[in-house]
Amino acid sequence: MMKCLYAPTLLIAASLGLSSAQAPPNASINATGTSFLDHDSLVSPYWGQSWLKDNIPFIDIPDRVIQDVYYYRFTALMRHLYYTTQGTGYIITEFIQPVGYAQAFGSIDAAAGHQIEEAQWLRDSSYAHDYIQLYTRGPGNSSQYTQWILEAAASTANITGDFGFLQSQLPGMLRMWHEWDYTFDSNVGLYYFTPVWDAQEYALPGYVATNGTHNLLEHDGPDTYRPSHNAYMVANARAIASTASMMGNETLAAEYSGYAQSIEEAMFRHLWEPTKQFFMDAIRPDNMNESVMPLQGREEVGFYPFRFGIGLESNYSSPAMESLFDEDGFLTTYGPTTLEQRNEYYTERKPPFGCCFWQGQSWPFSTAHTLKALAEVVRSRASSRITVAQYYQYLSIYAKTQHKNGVPYVAEEHSPVEDFWTQDAFNHSEHYAHSTYTNNVISDLLGFRARADNMVEVRPLIPANWTYFALENVPYHGHLVTVLYDQSGLGLQIFCDGQRIYAGNGTTAMAKLPNNARTSSYTDPAPIPPKVNIAANPLGGQGTVFASATYSSEGDSPYKAIDGVLFYDHEPDNRWSNYMQPGEKNASLTIQLPRKHNLTGVVLDIYVDANRDPPGAIACPISIEIADYRYPGNAPVAYIFDFLPQCIPNDKNVIMFDDVWETDAIAINFERQRDYYVGVAEVQLWVPANTGPFYYAVDALPMQSTNLTYDAASTATSTGSVLAPYDNSSVIAFSGVYSPHGGEYVMSVGFRNNGSEAVSMGVEINQMGAGNVTLQAGSGYETVDLSSQLWRGTNFVTLYGGGDGVYVEGLTFQS
Ligand SMILES: *[C@@H]1O[C@H](CO)[C@@H](O)[C@H](O)[C@H]1NC(C)=O
Ligand SMILES: *[C@@H]1O[C@H](CO)[C@@H](O)[C@H](O)[C@H]1NC(C)=O
Ligand SMILES: *[C@@H]1O[C@H](CO)[C@@H](O)[C@H](O)[C@H]1NC(C)=O
Ligand SMILES: *[C@@H]1O[C@H](CO)[C@@H](O)[C@H](O)[C@H]1NC(C)=O
Ligand SMILES: *[C@@H]1O[C@H](CO)[C@@H](O)[C@H](O)[C@H]1NC(C)=O
Ligand SMILES: *[C@@H]1O[C@H](CO)[C@@H](O)[C@H](O)[C@H]1NC(C)=O
Ligand SMILES: *[C@@H]1O[C@H](CO)[C@@H](O)[C@H](O)[C@H]1NC(C)=O
Ligand SMILES: *[C@@H]1O[C@H](CO)[C@@H](O)[C@H](O)[C@H]1NC(C)=O
Ligand SMILES: *[C@@H]1O[C@H](CO)[C@@H](O)[C@H](O)[C@H]1NC(C)=O
Ligand SMILES: *[C@@H]1O[C@H](CO)[C@@H](O)[C@H](O)[C@H]1NC(C)=O
Ligand SMILES: *[C@@H]1O[C@H](CO)[C@@H](O)[C@H](O)[C@H]1NC(C)=O
Ligand SMILES: *[C@@H]1O[C@H](CO)[C@@H](O)[C@H](O)[C@H]1NC(C)=O
């Protein structure tokens with residue numbers, strides 16, 4: 001409500017601190033962990049500390065390099081958590097600035113498996129779940145690049161214990177699987193694809209096919225049966241099979257286990273090179289009567305199958321893994337190399353043209369897979385020739401590689417022999433999210449083996465001389481689990497929500513979780529979706545939320561405060577600021593919403609660079625006032641007169657209102673310190689998710705040929721805001737349509753067709769055709785119904801088409 005009783009000069013006691021207005025880091029787990037480690041000091045080198053403290057498992061290990069990179073990598077992941085829009089939620093980007101070939105919201109499926117495997121360890125499961133759903137239900141393109149998203153989704157479920165979420169993705173998982181049918185060669189029993197769309201430009205098949213003549217084929221590569229892509233398909237099939245099996249659908253489980261088995265057999269038949277004893281690429285013959293011949297050069301993709309459990313027997317795994325330690329093979333100071341060094345096409349130095357070379361350069365994408373493969377082989381004990389010490393050797397190389405100027409850093413590709421990143425473009429490659437690292441540390445080095453049952457399994461791969469390690473507050477099946485090892489003290493201890501559940505000697509353990517550990521199933525109602533951030537606008541000027549400011553520094557546009565991307569770096573620029581604003585002591589940032597909401601507070605992510613080296617001129621504001629910008633005479637809803645002592649620079653600042661404020665027009669007014677300016681990395685407005693039955697059109701995304709407009713004839717919102725899909729190419733994307741159990745619904749489209757003829761609209765639900773509706777011409781608002789099927793949880797509903805004079809108010813779903 002408006003606090004009109006107060007004169008603006010009076011103080012209104014707005015409260016600061018953690019509250020219900022913040023992003024819900026506790027949506028997934030409502031538990032208190034342990035605090036053996038000093039969390040504040042461990043995150044002290046980084047910005048965004050409250051997010052880190054609320055989300056990451058903490059570690060304390062005897063290896064400073066591995067540990068420092070661990071905390072850094074979680075901050076790097078944070079930069080790529082991109083809040084798109086209510087309903088769709090978070091996705092994980094590869095590049096902070098979207099690239100031209102990226103798909104929906106700048107997503108790229110190539111490294112989605114890696115990205116999910118990192119995000120699965122965050123306490124708030126929304127990060128992994130939202131991103132999985134972008135592919136299983138939403139507009140994510142899972143057939144642009146090869147990927148192992150389904151395997152990563154199954155892995156996430158073993159950590160969250162939320163098997164209901166996984167099982168409710170099954171129809172989308174089946175759709176994703178079949179998207180690859182067209183590249184399956186049934187004669188050979190394998191999938192083929194060009195290496196460039198297996199995420200690997202300038203790979204060996206391209207060099208072999210062109211013999212170094214530098215044409216496009218060298219860059220893209222020919223159609224190739226690859227151990228990488230085929231291993232991903234095996235893993236994805238097994239993820240479908242295990243999900244189906246949990247749901248009691250043994251027929252489906254057997255079908256997909258069968259696919260996995262036959263692909264795996266074809267890999268041994270066609271890709272295992274018996275003299276080199278390695279999984280090789282095989283170029284697809286032009287003449288299908290020619291037999292498939294594996295190449296003779298070892299590439300790092302030949303390690304990937306082992307991480308998915310393919311070839312763990314010693315006769316395969318031993319010779320393959322030994323090549324990692326061969327100085328003419330893959331072993332270098334900053335390796336492994338992506339192509340063995342003895343190969344004629346191996347190039348130590350990156351060629352002077354182009355960006356990305358997989359002919360020897362060291363790629364974190366591949367190193368992450370290879371480390372997983374090495375860990376599987378060591379853990380399986382199939383090969384007595386490969387040891388824990390060798391695992392540690394490579395993890396150490398990987399940690400050492402991830403540095404720049406002496407501090408932890410990750411870019412795209414690294415020289416295999418020198419201490420520099422060979423692809424590290426300004427405003428492009430920074431903190432590249434194309435690999436895992438924290439997942440390797442948690443699940444392999446420290447051996448936290450997430451499982452489907454209620455057991456905590458610890459089997460670390462630590463060096464023999466480590467006398468201690470700590471892994472604190474791992475989110476696991478709805479609990480926070482801590483593992484402490486102290487060889488000379490109490491041995492190995494495991495805690496669950498602060499209670500000790502295990503003590504023993506040795507470094508391995510199995511401990512049972514309390515009986516209330518989460519094992520949600522498909523038949524349980526889907527949890528109510530977490531709060532949504534209604535300020536985020538992924539479409540820029542085309543969206544429905546607008547930001548403006550009284551003054552903006554060049555490059556620091558107001559839109560950057562609602563772009564859904566949150567980090568506090570100087571470069572890339574991701575903030576609004578009034579840097580160099582002449583004269584004025586005050587600055588105002590305004591946000592216009594497409595309809596009114598009941599707000600309880602605002603989250604301000606305040607950017608400050610005055611305390612950096614070299615110092616900038618953006619500092620915390622002296623005071624903050626929040627008011628309705630249309631009524632400048634009215635009292636503010638919050639006024640923090642003395643903000644400075646409470647300001648948390650480069651972090652989340654939560655400003656609560658005393659009372660609920662119903663508004664669509666927010667002004668955030670700052671009083672700046674003398675000689676300093678103010679900056680905001682992001683403004684977040686968190687409100688409970690709409691769970692229907694009515695979904696406002698203006699909460700959906702006007703993706704194409706659709707305008708936000710105000711039509712006095714509409715009563716859906718108090719201002720008459722609706723969307724106008726104005727021609728037959730129009731697209732309106734609803735998301736977050738909630739169903740507790742899934743099932744049959746009647747969908748009613750609320751519309752007005754003021755044009756002269758009826759308009760047909762196509763409907764897709766979760767990327768599957770759901771039929772058409774006809775919007776008859778007429779003068780007022782009416783509804784047209786379509787019987788439809790929703791899936792358990794949140795659904796994506798897209799309307800295609802429109803016409804002159806067509807307005808859409810919203811959708812109603814009645815079961
Ligand atoms: C969290 O748990 C506490 C204690 O069990 C309970 O009182 C509280 O309501 C829970 N909060 C949420 C958001 O579930
Ligand atoms: C969320 O979790 C943090 C620590 O993980 C805790 O300090 C805070 O009180 C929790 N907030 C709510 C609203 O439960
Ligand atoms: C995915 O991307 C590929 C390559 O750009 C494109 O051919 C295909 O149509 C896209 N699929 C979807 C469903 O968008
Ligand atoms: C590739 O080119 C090199 C040098 O141009 C030549 O010596 C070699 O025979 C060629 N190899 C093949 C397989 O064509
Ligand atoms: C198993 O799954 C398939 C594919 O979704 C479905 O057609 C079939 O009805 C399911 N069978 C059972 C017993 O649920
Ligand atoms: C493949 O072999 C079959 C049977 O030997 C023959 O009929 C066919 O012409 C061959 N195809 C090509 C492309 O050579
Ligand atoms: C989940 O855990 C089970 C053991 O309970 C294991 O067999 C399975 O491989 C795990 N799944 C993934 C994808 O890690
Ligand atoms: C373990 O041994 C290695 C090799 O001697 C040494 O570099 C390292 O510092 C030792 N680590 C600990 C924790 O003692
Ligand atoms: C661990 O070993 C020590 C020394 O043998 C013994 O005193 C202690 O009881 C053992 N602890 C546990 C939990 O088994
Ligand atoms: C705000 O809350 C009031 C009181 O519950 C309610 O009448 C009103 O409709 C709400 N406004 C919006 C926009 O939801
Ligand atoms: C939609 O909005 C755009 C941008 O404001 C405007 O250029 C265009 O004319 C509008 N189209 C229709 C059909 O109203
Ligand atoms: C359904 O709507 C789409 C989008 O407007 C249109 O292209 C298609 O022709 C319609 N189909 C039918 C059967 O009317």
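As the structure lists them, so they are numbered: ligands from 1, and atoms in each ligand from 1. Residue numbers start at 1 and run along the sequence shown.
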Inset, instruction - Measure the acute angle between the ring planes of Phe193 and His229, then classify it against the limits of 30° and 60° as parallel, tilted or perpendicular. - result: tilted
Legend entry - Contact atoms of ligand 5, heavy-atom distance to Leu174 under 4.0 Å: 5 (O)
Legend entry - Ligand-residue contact atoms, ligand 3 with Asn141, heavy atoms, under 4.0 Å: 1 (C), 2 (O), 3 (C), 8 (C), 10 (C), 11 (N), 12 (C), 14 (O)
Legend entry - Carboxylate-amine/guanidinium proximity below 4.0 Å for Glu764 and Arg137: no
Legend entry - Backbone N/O of Met455 and side chain of Tyr476: donor-acceptor pair under 3.5 Å: yes
Legend entry - Proximal atoms of ligand 5 relative to Asn249 (non-hydrogen, under 4.0 Å): 1 (C), 2 (O), 3 (C), 8 (C), 10 (C), 11 (N), 12 (C), 14 (O)
Inset, instruction - Return the protein residues near ligand 7 (heavy atom under 4.0 Å from any of its atoms), ordered by chain and residue number. - result: Glu151, Ala154, Ser155, Asn158, Ala450, Arg451, Ala452
Inset, instruction - Identify the two heavy atoms, one from Ala260 and one from Ala237, that lie closest to each other, and give their separation to 0.1 Å. - result: CB-CB, 3.9 Å
Legend entry - Ser245 and Glu250 side chains, donor-acceptor separation under 3.5 Å: yes
Inset, instruction - For residues 144-173, pull every pair meeting salt bridge (charged side-chain N to carboxylate O under 4.0 Å, His left out), keeping only residues two or more places apart or in separate chains. - result: none
Inset, instruction - Please work out whether the ring planes of Phe268 and Phe279 are parallel, tilted or perpendicular, with thresholds of 30° and 60°. - result: tilted
